Number of protein chains: 2
Amino acid sequence: MEKELDEVDIFLLKSLQADAKTTAKEFAAQLNMSVSPIYERIKRLEQKGYIKKYVAILDKTKLNRSITCICQVSMRQHSEAFIDNFEKEIRKIEEVQECFHMAGEVDFFLKINIGSLEDYHYFVRTKLSRIENISVLNTTFVLKDIKNGTEISF
Amino acid sequence: MEKELDEVDIFLLKSLQADAKTTAKEFAAQLNMSVSPIYERIKRLEQKGYIKKYVAILDKTKLNRSITCICQVSMRQHSEAFIDNFEKEIRKIEEVQECFHMAGEVDFFLKINIGSLEDYHYFVRTKLSRIENISVLNTTFVLKDIKNGTEISF
DNA sequence: TCTGAAACGCACTGCCC
DNA sequence: GGGCAGTGCGTTTCAGA
């Protein structure tokens, strides 16, 4: 694998994951380059898959989803079919923002966004607990978002 | 609190958090409206804080940060000073993508992005464990990203 | 609050170095 | 691979309804 990214590419990636609205013109000024190489580098980074997509980050509180909680789920049986089914069902549940299949005692970690404790009750009763083969469900609530980013450091 | 968002606003917010590059013109076509109201609604949503920012989502694997793990940290003493200090120090550590102060037995959940298990060792030895007053550190590794979104449902 | 049109700036292309 | 100039498109503004 050859070296694919130079310092300029890395600068662009880091900048864009902080603020995707930065224009090629602004980058050109910051880097003392002209606009076209910036433009072509960004296009290349998109095409090669370094940049997956551009998204708007919304305000949870304003949208009445200010409560976050972490659910730790373990399964009764660990057959392939049950795990696949769990994944499929989880993907359908809108309250689930993140879900990871874990190594170790707990099988899945879920990050849930909801507006109230009543919503949580509704979520567990009508959605989560309807998935087959769940044995343990352990939920803890977030008191404070200390760091909640989309940026990856590299 | 008056009703701030109508169906069009909600449509725009949901669309933008899936793809921020959608143009006002495209929205206008989808909604059978002209461009200017779309434009002004989006500006309003930005100014009122519903939209916090626009970011590029990068590919972890391409950037050699394909390993994700969850660290559960508990503290020895729960004084305000220690908690504040932990928050301050965590914010500085680039490997930490998310950090939440939790209710319950475990004080903090951390989501970490790294490239190798060696990196994890380095992270724990030189960064995490240097923070004062940590008692328990329990790490589990992600086997598979089932759902890993920035979108919130509403 | 929407429509329509006009002005501007940036994204994007092609050519040159 | 980068600089420069031109074109088209989207953004932005504004009159009017």
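In what follows, chains carry the letters A, B, and so on, assigned in the order in which the sequence lines appear, proteins first and then strands, with residues in each chain numbered from 1. Since the model is a prediction, treat every value here as computed from it, not as a measurement.
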- request: Report the nucleotide, chosen from D:dG3, C:dC2, D:dG1, that has the shortest atom-to-atom distance to any side-chain atom of B:Arg41.
  value: C:dC2
query: Is a side-chain N or O of B:Asp84 found less than 3.5 angstrom from the main chain of B:Ala81, in a donor-acceptor match?
result: no
- prompt: Which nucleotide sits closest to the side chain of B:Ser36: C:dC12, D:dT13, C:dT1?
  reply: D:dT13
message: Nearest whole Å is fine: how far is C:dA11 C1' from A:Ile38 CD1?
response: 14 Å
Cation-pi check, A:Lys14 onto A:Phe154 ring (under 6.0 Å, within 45° of axis): yes
- line: Between CD1 of B:Ile42 and P of C:dT1 the distance, given in whole Å, is 15 Å
Short side-chain N/O contact from B:Tyr39 to OP1 or OP2 of D:dT12, under 4.0 Å: yes
- prompt: B:Glu4 has an atom CD; how far is it from atom C1' of C:dT1, in whole Å?
  reply: 16 Å
message: Could you tell me how far apart A:Glu40 (CD) and C:dT13 (C1') are, to the nearest whole angstrom?
response: 9 Å
- request: Report the distance from atom CG of B:Leu12 to atom C1' of D:dT11, rounded to the nearest whole Å.
  value: 15 Å
message: Please tell me whether A:His78 and A:Asp107 have a donor and an acceptor in their side chains that are separated by less than 3.5 angstrom.
response: yes
statement: Tightest non-hydrogen contact, residues A:Ile134 and A:Arg76, listed as O-NH2, 3.4 Å
field: Near-strand residues of residues 17-26 of chain B, defined as heavy-atom separation under 4.0 angstrom from DNA chain D
entry: B:Thr23, B:Ala24, B:Lys25
- prompt: Stepwise, does the side chain to side chain contact (heavy atoms under 4.5 Å, CB included) test hold for A:Phe141 with B:Met102?
  reply: CA-CA 6 Å; A:Phe141 287 87; B:Met102 306 299 296; 5.7 Å; no
message: If the threshold is 4.0 Å, N to carboxylate O, is there a salt bridge linking A:Glu87 and B:Lys144?
response: yes
- line: From NZ of B:Lys43 across to P of C:dC2 the rounded distance in Å is 17 Å
message: Tell me the interatomic distance from A:Phe27, atom CZ, to C:dC12, atom P, rounded to whole angstroms.
response: 14 Å
query: B:Met33 side chain: which of C:dT13, C:dC12, C:dT3 is closest?
result: C:dT3
field: Aromatic plane relationship, B:Phe108 with B:His101 - under 30° parallel, 30 to 60° tilted, over 60° perpendicular
entry: parallel
task: Return the nearest nucleotide to the side chain of B:Ser34; candidates are C:dT3, D:dG2, C:dC2.
output: C:dT3
